[in-house]
There are 2 protein chains.
Amino acid sequence: MPINKLTSKQKAVLKYIYDSIRYHKLPPTVREIAQHFKFKSTGTVRDYLKILVREGVIRITANKSRAIELVYENLFAIPILGRVQAGLPTLAVEEIEDYLNMDSLIFSETDTFALRIKGESMINAGIFSGDLVLVQKQNIAQTDEIVVAVIGEEATVKRLKKKGARYFLEPANPHYQDIIVDEQVNIIGKVISVIRRFH
Amino acid sequence: MPINKLTSKQKAVLKYIYDSIRYHKLPPTVREIAQHFKFKSTGTVRDYLKILVREGVIRITANKSRAIELVYENLFAIPILGRVQAGLPTLAVEEIEDYLNMDSLIFSETDTFALRIKGESMINAGIFSGDLVLVQKQNIAQTDEIVVAVIGEEATVKRLKKKGARYFLEPANPHYQDIIVDEQVNIIGKVISVIRRFH
DNA sequence: TTGACAACCACACAAATGTGTAGTATAAAG
DNA sequence: CTTTATACTACACATTTGTGTGGTTGTCAA
């Protein structure tokens, strides 16, 4: 926290640790720090590390290689800002509401694939032509879920609805018509997210 | 190349490496991996690492501790299907049109943040309340781009328009009104993509 | 002057860590 | 049947790495 209390040399060491994590994605070893600053002894580095720990800007774990941790750093995910103040966002701790993780898809048990939307049939659900939808492979779905169905050779994205005992696929666009689910219709997945890019 | 080619055990090892970096902020050592999976030999771990390197999802540096690096380009690659046939997609090579690189959604780790949308002012642009927008930090933008602007304490997402010599922020919803860009309005970024998740 | 502290050096030791060789068992593919 | 690949075990060796002890020099404040 009190980075101002650090001397310029201590700040330089801290910055090197920071850069090492940021660009090499790995905290440095004691000897890597020594080499960078042309220190001829690892003891010098340990003096610096002790000071940085004492000042509360890093944490280290005993007997563990590269176990230097920056106290106020969150490098991994993309911050989701809850509150934005005037000027360019500083990504200050107070502003960060949460972190966006892209990883939940990757290690999911079932396979995931993406499909590019063609047509306007789901515009009222905010799914536009050209959007990508991420689809979780499954051949059943629940009512009101947006599903991917194959009819003949065509894949279509619609909302699954039920009226009485009959299931049908409902577009989110009054200009399109419902599709009754019968033997010709195969549900192949559930839409789990929509991604749109502005080139 | 993509993660689908990995066996479930290989995925488990990859996930452990991923989690280790994510939560302990440090890639694991060979022996840490062995211990976690109760492997009685480090050789087992090395077999897995070799496979993961071969499949292009990690990189390792010789003789360097904890030097396991995730190759995000391949890690976050989800197949985009161009053609879908009846039945569950087989993810056959012929069907794959391209790969969606989740990592490429992010402009650069430092200059990108996410913002959760509140309100209905952009529904005609397919941006709904609750959606996340990825924002590239910048204080200028071009006409017709969707921007994030701060007015007082409030952040707002609108489309930047120009009429004559005057700039204004245009909502994508007829129930909302234009906002004239003046000294009170600060543009802090450009929306580069929209992400919506269905729980 | 004394003492505290930053900022170094030298060197050695033990622990942690990556690497290499040599195996076994099993299942799928040719 | 043979080959190939995955999925392990066992063990030893070399390097990397963290740690500890004991110094020196200079500065600044009490």
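Throughout, protein chains are lettered first and strands after them, A, B, ... in sequence-line order, and every chain is numbered starting at 1.
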Among the candidates [options], find the nucleotide nearest to the side-chain atoms of [X].
X: A:Lys40; options: C:dA10, D:dT17, C:dT19; value: C:dA10
X: B:Gln10; options: D:dA7, D:dA10, C:dG18; value: D:dA7
X: B:Lys9; options: C:dC11, C:dT17, D:dA7; value: D:dA7

Please report the distance, rounded to the nearest Å, between [atom1] in [X] and [atom2] in [N].
X: A:Lys64; N: D:dT19; atom1: NZ; atom2: C1'; result: 17 Å
X: B:Phe39; N: C:dG23; atom1: CZ; atom2: C1'; result: 18 Å
X: A:Glu55; N: C:dA6; atom1: CD; atom2: C1'; result: 12 Å
X: A:Glu32; N: D:dG18; atom1: CD; atom2: C1'; result: 13 Å
X: B:Leu26; N: C:dA16; atom1: CG; atom2: P; result: 15 Å
X: A:Leu49; N: D:dG20; atom1: CG; atom2: P; result: 13 Å
X: A:Arg31; N: C:dC13; atom1: CZ; atom2: C1'; result: 11 Å
X: A:Asp47; N: D:dT24; atom1: CG; atom2: C1'; result: 12 Å

Check the phosphate of [N] against [X], side-chain N and O only, distance under 4.0 Å to OP1 or OP2. Yes or no?
X: B:Thr29; N: C:dA16; result: no
X: B:Tyr48; N: D:dT6; result: no
X: B:Thr44; N: D:dA7; result: no
X: A:Arg66; N: D:dT17; result: yes
X: B:Thr7; N: D:dT6; result: no
X: A:Ser41; N: C:dA10; result: no

### Query
When only distance counts, do a donor and an acceptor, one from the side chain of A:Thr42 and one from the base of D:dT17, lie under 3.5 Å apart?
no

### Message
So that I can tick it off, tell me whether A:Arg159 and A:Asp144 are bridged by a salt bridge, with the cut-off set at under 4.0 angstrom between side-chain N and carboxylate O.
### Response
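Answer for the salt bridge query: no.
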
### Message
Using a strict threshold of under 4.0 Å (side-chain N to carboxylate O), is an ion pair present between A:Glu145 and A:Lys190?
### Response
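The answer is yes: the pair qualifies as a salt bridge.
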
### Query
Quick one: on DNA chain D, does A:Val30 or B:Arg54 contact a more 5' nucleotide (nearest heavy atom)?
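Nearest nucleotide further toward 5': that of B:Arg54.
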
### Query
Going by heavy atoms in the side chains, are B:Ile195 and B:Asp131 under 4.5 Å from each other?
no

### Task
Compare all side-chain heavy atoms of B:Ser65 with those of A:Arg66 and state whether any distance is below 4.5 angstrom.
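Of all side-chain heavy-atom pairs linking A:Arg66 with B:Ser65, at least one is under 4.5 Å.
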
Using a 4.0 Å heavy-atom cut-off across all strands, classify [X] as base, sugar-phosphate, or nothing.
X: A:Ala67; result: nothing
X: A:Arg46; result: base
X: B:Asn63; result: sugar-phosphate

#### Entry: is_close_aromatic(A:Tyr48, A:Phe37), centroid dist under 6.0 Å
no

### Task
Kindly give the heavy-atom pair with the smallest separation between B:Val148 and B:Val191, and that separation in Å.
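For B:Val148 versus B:Val191, the nearest heavy atoms are CG2-CG2, 4.1 Å.
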
